[in-house]
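Taking it in order: structure first as structure tokens, then the write-up.
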Number of protein chains: 2
Amino acid sequence: MKDLLQRLAERQWQMTPQRRVIAEVLAGEHVHLTADEILDRAVERLPEISRATAYKTLNELVALGEVSIITVGGRARRYDPNVGTPHQHLVCEGCGLIRDIHPAGQTGLSLASPESFGFTLTGVDVVFRGLCPDCANNKS
Amino acid sequence: MKDLLQRLAERQWQMTPQRRVIAEVLAGEHVHLTADEILDRAVERLPEISRATAYKTLNELVALGEVSIITVGGRARRYDPNVGTPHQHLVCEGCGLIRDIHPAGQTGLSLASPESFGFTLTGVDVVFRGLCPDCANNKS
DNA sequence: CTGCTTGCAAATTGTTTGCAACACC
DNA sequence: GGTGTTGCAAACAATTTGCAAGCAG
């Protein structure tokens, strides 16, 4: 799948320095960051970017469907730029680290119709929880 | 599985009027409420209960492992008293309704070891997203 | 008396919004 | 000049905390 910046260009999304930096931060990291972490990294590259702009940009990317929000326990939302590649998440309950999992086996998790209560299904989120090796060692 | 109040009594959890009301609200509803909704229902039964107490009580129940938090999109956390019975969630993206699903087929969702990055797995959350019949009809 | 629970109010955290200033065609 | 973007500060929402007062053993 194409790069986030490429996809945005194709969609004629108006590019600005602030927006580019946000998109670059999202595309460049393989973990899933909170809005604040994204802002921190964006500020390193472009010190005059403001919090409001970061939030507005992120919300727009979500509205465009180019980024999705994953909420796993913690207080703050995290943003996942990896749409288009179906994947699941593996969350460390110790340190909050989130890894992407690209399932090898059958992904076709679905719901039998008698169980679906008449819902029109649009997606499934799967989150594995556990302890990463580091946290497993440091635990009492 | 036993009732939440029974389990709490067995664990010698100190009972108070406020705590009982919170536990009753949790046990009595089959949907998953936010802290505010729980507080509203608790206030109906016990008007002098305070928000801080509701939060403290909920956090304690979570710490005890008798209630779990589910975070699905929306801003506020929701509390799930239905621990002990493995189940999944079906969330309406229109109105936020959450239903429990007790899977008939394969429950044993697991991770192949080459994919687990050395994590010690403790659980899996599965959330189906879709539109409930009402919201599907009212949609443009 | 001692320890845990409660309630108020204030603090924190995460996110959104109103609005004036700006940049770009 | 009009449309859309930015940044500040203030508003908001959800949750947590400090602390004095209350209750139970």
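Computation of the quantities below employed the complete heavy-atom set of this structure, encompassing side-chain atoms and omitting hydrogens, waters and symmetry-equivalent molecules. All values reported here derive from a predicted model rather than from experimental measurement. Below, chains carry the letters A, B, ... as their sequence lines are ordered, and counting in each starts from 1.
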Are any of [X]'s side-chain N or O atoms less than 4.0 Å away from OP1 or OP2 of [N]?
| X | N | answer |
| --- | --- | --- |
| A:S50 | D:dC8 | no |
| B:T53 | C:dT5 | no |
| B:Q14 | C:dC4 | no |
| A:T16 | D:dT6 | yes |

Take the protein atom [atom1] of [X] and the nucleotide atom [atom2] of [N], then report the distance between them rounded to whole Å.
| X | N | atom1 | atom2 | value |
| --- | --- | --- | --- | --- |
| B:L39 | D:dT15 | CG | C1' | 12 Å |
| A:M15 | D:dT5 | CE | P | 12 Å |
| A:R19 | D:dG4 | CZ | C1' | 8 Å |
| A:L58 | D:dT6 | CG | P | 12 Å |
| A:L46 | D:dT6 | CG | C1' | 11 Å |
| A:Q18 | C:dC24 | CD | P | 11 Å |
| A:E37 | C:dG14 | CD | C1' | 13 Å |
| B:E48 | C:dT6 | CD | C1' | 11 Å |

**Report entry** Distance, nearest 0.5 Å, that separates OH of A:Y55 from CG of A:L39
**Finding:** 8.0 Å

Requested in this report: Mind checking the SG-CG spacing from A:C92 to A:L131? Nearest 0.5 Å is all I need.
Outcome: 5.5 Å

Report task. Answer with yes or no whether the side chains of B:W13 and B:E66 bring together a donor and an acceptor at under 3.5 Å. Result -> no

Query raised in the report: Would you call the rings of A:H89 and A:H32 parallel, tilted or perpendicular if under 30° counts as parallel and over 60° as perpendicular?
Result: perpendicular

Query raised in the report: Does B:T53 use its side chain to pair, donor to acceptor, with the backbone of B:I49 at less than 3.5 Å?
Result: no

Query raised in the report: Ignoring hydrogens and geometry, is there a side-chain-to-backbone donor-acceptor pair from A:R19 to A:Q14 under 3.5 Å?
Result: yes

Can you name the atoms? Protein N/O to nucleotides 15-20 of chain C N/O, anything below 3.5 Å, with the distance.
residue : atom : partner : partner atom : Å
C:dT15  : OP1  : A:R77   : N            : 3.0
C:dT15  : OP2  : A:Y55   : OH           : 2.8
C:dT16  : OP2  : A:N59   : ND2          : 2.9

Query raised in the report: Would you find more than 12 non-hydrogen atoms of other residues, nucleotides or ligands less than 6.0 Å from A:Q12 atom CD?
Result: no

